[in-house]
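In the text below, chain A, chain B and the rest are named by the order of the sequence lines, each starting its count at 1.
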Amino acid sequence: MKKILLSAGALFLLVALGGWYYVFQYSKTHHRDVANEDAVVVSAARIVKDYEANEKTANARYLNKAIEIKGVVLKREKDQAGDMTLTLKSGDPFANVFCTLKPGTTLNPRASTVMVKGVCTGFLSDVVLNGAIVVK
Amino acid sequence: MKKPILFLALAGACLQVHAQKLFSTKTGQIKFNASSPLENVVAVNNQVDSKMVDKTGQIVFSALIKSFKFENQLMEDHFNENYLESSKIPKAEFRGYVTNVSAIDFSKDGKYPVNVDGTLTIHGVSQKVSTVGIMEISGGRPNISGVFKIKIKDYGITGLYIGTKIAEEAEISVNCKYE
């Protein structure tokens, strides 16, 4: 009986410790990384057209998913946190793909066409990608 | 006689339209802080889309909920799934006016106190908001900043930890540098 109680206590302690580690340690240091995810491959023109045609349907297809887009760089800037942002041309003068690269991501300053992979967070003036990496 | 008057009126209207300037940014920053003594609940969004018209003071901020980043990934997941339901309601928006815009000289560098009134929509629920802030003009470019508080439950957001681990009132800090 004592053995069973000891085993149950040890198991409980182990589960509690695992829970504490996952919530307070692992989740602080491990963030979502699109590099490890399979992506939906789509052109800048297609994703913008899809969002303009029906935002709800487009969200069902792209929102919160890893998206891989090849496009022509219209603009590169830095946001207020100092992270690099890219605007990829869609062919539509009013909406493009706006993407924030992961901190520390480097990009050839002469690259005019890039392939990026990031998480689609929705549609404002542009289709927005976050936490993106440069695939090539 | 009617034609010259009409021409002058149209010319005046055109001048008025051209004299108006639209400032915008896609990299505005909004911080959300609902920390309690038990938990640090802070998120930052650096992809805020904002537009402002200098003559009328009309101002719009739009933010995607999934663009808010937390230090803790699990907290970010809970914020999206259990509280803001961002898959169903992906955006938050403020539409309003800088009500004392006439007191701002956009051609003169300096810091100007601003009053902002409008409607804030979060989680699909709209509430009137009035706040104050600072408009800093530097080289003809405005930068607006301000802090205000909202009651989370006023926006139909419910959850087990509101009032305990999560503060009942969240502090919203806005900082947008326009182009």
Side-chain angles (χ1 to χ4, degrees), chain A residues 19-34 51 55-67 74-88 94-103 118-132, chain B residues 22 24-31 38-51 60-81 84-94 124 141 143-145 161 165 173-179:
Chain A
W20 175 86
Y21 175 77
Y22 177 69
V23 172
F24 296 105
Q25 298 299 313
Y26 184 85
S27 294
K28 259 191 189 174
T29 49
H30 289 75
H31 287 86
R32 185 175 177 183
D33 188 354
V34 283
Y51 265 102
E55 195 171 336
K56 205 173 172 184
T57 312
N59 272 331
R61 194 175 299 163
Y62 304 116
L63 188 68
N64 207 30
K65 292 185 180 143
I67 307 292
L74 266 182
K75 206 191 268 187
R76 64 176 79 194
E77 290 174 302
K78 285 203 167 175
D79 67 15
Q80 289 181 218
D83 296 327
M84 193 190 294
T85 66
L86 299 176
T87 304
L88 303 183
F94 296 107
N96 293 296
V97 174
F98 179 80
C99 130
T100 302
L101 301 183
K102 280 182 81 167
V119 177
C120 177
T121 59
F123 184 56
L124 295 172
S125 299
D126 296 325
V127 174
V128 180
L129 300 191
N130 204 329
Chain B
L22 176 74
S24 68
T25 179
K26 290 175 185 175
T27 55
Q29 186 179 73
I30 290 182
K31 283 185 186 169
L38 296 172
E39 199 85 71
N40 204 22
V41 185
V42 179
V44 184
N45 186 332
N46 286 303
Q47 294 180 315
V48 176
D49 196 304
S50 180
K51 292 180 177 67
V60 178
F61 299 94
S62 305
L64 293 163
I65 303 302
K66 288 191 190 293
S67 290
F68 279 94
K69 305 314 285 178
F70 286 74
E71 191 186 278
N72 186 313
Q73 181 66 56
L74 192 64
M75 200 180 277
E76 187 176 309
D77 295 345
H78 286 173
F79 173 80
N80 278 288
E81 290 161 19
L84 273 292
E85 299 177 281
S86 61
S87 295
K88 257 195 326 194
I89 314 156
K91 288 179 197 175
E93 189 179 69
F94 175 86
R141 290 181 177 180
N143 180 4
I144 196 164
S145 58
Y161 295 119
K165 283 184 173 180
S173 312
V174 180
N175 188 354
C176 285
K177 289 180 183 171
Y178 294 96
E179 289 176 7

Where on A:S125 is there a heavy atom nearer than 4.5 Å to chain B: the side chain, the backbone, both, or neither? both
So which part of A:N59 gets closer than 4.5 Å to some heavy atom of chain B, the side chain, the backbone, both or neither?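 Just its side chain gets close to chain B.
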Between B:Q47 and A:N130, is there a side-chain donor-acceptor contact under 3.5 Å, judged purely by atom types and distance?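 Yes, a side-chain donor-acceptor pair sits under 3.5 Å.
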Salt-bridge present (A:D126, B:K26; N to O < 4.0 Å):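 Salt bridge present between A:D126 and B:K26.
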So do B:F68 and B:I30 actually touch side chain to side chain, heavy atoms under 4.5 Å? yes
Under 4.5 Å between any side-chain heavy atoms of A:K102 and A:D33, yes or no?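 Side-chain contact under 4.5 Å: yes.
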Looking at A:T100, A:L124, A:T87, A:N64, which makes the most heavy-atom pairs under 4.5 Å with chain B? A:L124
So which of B:T25, B:D49, B:V44, B:N80 has the biggest tally of heavy-atom pairs under 4.5 Å with chain A?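 Highest number of heavy-atom pairs under 4.5 Å: B:D49.
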Can you tell which part of B:K91 gets under 4.5 Å to a heavy atom of chain A, answering side chain, backbone, both or neither?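 The answer is the side chain of B:K91.
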From B:K88 NZ over to B:E81 CD, what is the distance, rounded to the nearest 0.5 angstrom?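 Interatomic distance, B:K88 NZ to B:E81 CD, rounded to 0.5 Å: 13.0 Å.
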